[in-house]
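Worksheet for the structure shown next.
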Amino acid sequence: MTKAVSPLLIAARDISVRFGEQVVLKSATVSIHQSDRIGLIGNNGSGKTTLLKIIAGVMPPDSGSIERRRDIVVGYLSQDFQLDQTKSVYDNIVEGAHDVIDILREYESLPYTSERRHLLEEQIHHRDGWNLENRIETAMHSLNVPEKNRDIQTLSGGEKRRVALCKAIIARPDLLILDEPTNHLDTQSIEWMEEFLAAFSGACLFVTHDRYFLDSIANRTVELSNGVCHSHDGNYTDFLIDKTEREAQLEVEEKKRNSFLRRELAWVRRGPRARRTKAKSRLNSYFERVAEEGYEAEAEVDLIIPPAPPFGSRVLNLKNLGIELGGRRLFSGLDFNFEKKRKLGIIGRNGLGKTTLLRIILGEVQPGEGHTDVGDKTLFNYVDQSRVALNDENTVMQEIGDGREWILFGDERLTVWKYLRRFLFTDDRISTKVGKLSGGERSRLLLAKILMNGGNFLILDEPTNDLDLATLRVLEEALAAFDGCVIAVSHDRYFLNRVCNGILAFEGDGNVHFSEGDYDYYLEKRDARGADAAVQTVAPKRQEARVKIQTTKLTWREAKELEAIEAEIMSTEAEVERIEAVFSASDFYEKRGEETARLTEELAAARATVDRLYARWNELEELRSGRS
């Protein structure tokens, strides 16, 4: 059965862009249809932001064509968004719906019998104009936007970005283009954005490093690599499998090409006699294949964290910590003892005290109550939200080397040049001034500068911001293999699941809750706590009405099954993560490409087992609590 194709909104064909000697886009082609939710991915510097600007109509290509549906309305959140500094938060957001407001005003100015009025009424209905004010209020609340009368000049960078995101989405455009929409959003706001886009009637093209967001929203994934677009049906996980299969095939073709060239080269070297006795077309074919561009796998960051020096008998203990800021209590009674190899993820809405806790641990802020007990051999290395300062006038080499040719990397002695090559800086970029680097290159340089300092206790505040997906995967693998302790404040759910073995959640109203395990396990336990709290709230009212809550006791066999099933779920989920990590490894197609079919089957089977176990766990929990 042929899949129905929704109406075409925009078609970009053979788009090319060059910045000086650097070719950013090379014959990039992509089409956007009405039902599309396209996740655009690629390494930093691959041209994603440039392509978004061209599709949004704010930048012309050097060559190629852009075809747009007539009267198409495009909403665009750029990385370098502009807000009116003279207006309030609310006035800036409303500006995003100026065309809807203009239609409403014209509609209200026309007589009831006007034919134009009826046409405008259809447009207002299509754009949900009657509900504009309510949508603005909902979006502002859900995205944790500052108060509507706040002056834009008083906002932080993250607050401004949330205002700009709200401004982009409230107009209900035909095409919504979002460049890193999840940056500076907390987990609850990201989840609201997922729900909003799932119900959004228009198309969406977005760039994000949030892989859960990609898996949840994207029905197409477009990879921008070497200036060319590769389209894959499905979400990010589907893309990883497709890409592995595509690269395995390219590897096979490249091996065949090299084998052909070796055979033909031996013939060419036999000299004139061979050339007289063989067909001239064979020689022409040889030179044509030589001229072809061979397949070359993309380079990845070789990010290795320096070995952690050993801890003493004590790592870090938090004793009854509490603090108030601005007359508001952030948290109190916080106790936590760190063990070796603890990888703690800290989550929660912005403004609840996560960064303040980090600063207390580092001794930069004194708590209002309680104290910290730091081990004698505990060495902190802190990566904060603003990272460290970079000197734009330095070259990349000067920024890392600081006059030295060598750096110590644990017990290893590396040249600065070799160290920077691990972070994908080519020779020409190593000699480039910092001020001329892209955002992704700056992020990699900052990681290189901070991680070289070593330490056995890494403290990371939003470490995933501005990193591309390939670098994120390598960072996660490096942190998971790190022998020291890690604290990571992050809203990246995928990162939290891959790295963390404990979650400290700031849940609001001064409540801080610790959960063993990864982020998904925390969510399960949080939802269970919420269900139990709801039952306890309803129970007294039912008792007053003389209605008893009936509970169903589990059989001995069912109780034992429930005890064991959580460990089985975690074990199976670990197997899913293991197979996904195999697929995402940079050398998979080279070392294990022939196993693609088998591993795909194993991954599907493991996921099905996880679904079955969760279904059984829910069934047993409902029996235990009497909700069945």
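Nothing here was measured: the structure is a model prediction, and the numbers come from that model.
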Given side chains that start at C-beta, do those of D518 and V499 come closer than 4.5 Å, heavy atoms only?
-> no
Taking 4.0 angstrom as the limit, do R578 and E573 come out as a salt bridge?
-> no
E399 with K449: basic N within carboxylate O range, under 4.0 Å = yes
Those residues at least two apart in sequence (or on a different chain) that pass side chain to side chain donor-acceptor pair (under 3.5 Å) with D335 are none
Closest heavy-atom pair, K377 versus P310, reported as atoms and distance to 0.1 Å, is CB-O, 3.8 Å
With sequence neighbours excluded, residues passing side chain to side chain donor-acceptor pair (under 3.5 Å) with N235 | D215
Among L52, L178, I177, the one residue meeting side-chain contact (heavy atoms from CB on, under 4.5 Å) with L77 | L178
At their closest point, which heavy atom of I41 faces which heavy atom of K48, and how far apart are they?
-> C-CD, 3.6 Å
Can you check side chain to side chain donor-acceptor pair (under 3.5 Å) on D428 and T426, steps first, answer last?
-> CA-CA 6 Å; D428 61 319; T426 56; 2.4 Å; yes
Is it the case that more than 12 heavy atoms not belonging to Q85 sit under 6.0 Å from its CD atom?
-> yes
Quick one: ring pair (Phe, Tyr, Trp, His ring centres under 6.0 Å) partners of F206, sequence neighbours excluded?
-> F213
Would you say D373 and R314 make side-chain contact, with heavy atoms under 4.5 Å?
-> yes
With side chains defined as the heavy atoms from C-beta onward, is the minimum distance between W417 and M397 less than 4.5 Å?
-> yes
Is any side-chain N of the basic residue among K436 and D392 closer than 4.0 Å to the acidic one's carboxylate O?
-> no
Within a reach of under 6.0 Å around CG of D80, are more than 12 heavy atoms found that belong to other residues, nucleotides or ligands?
-> yes
Shortest non-hydrogen pair, Y419 vs I407, comes out as CG-CD1, 3.3 Å
Ion pair D520/R493, N-O distance below 4.0 Å | no
Centres of the Y521 and Y519 rings: under 6.0 Å?
-> no
Keeping the roles fixed (side chain from S189, backbone from L185), state whether a donor-acceptor pair exists under 3.5 Å.
-> no
Classify the ring geometry between Y212 and Y494 as parallel (under 30°), tilted (30 to 60°) or perpendicular (over 60°).
-> perpendicular
Of the non-hydrogen atoms in P146 and R150, which two are nearest, and what is the gap between them?
-> CB-NH1, 4.0 Å
Do I347 and S490 touch side chain to side chain, with heavy atoms closer than 4.5 Å?
-> no
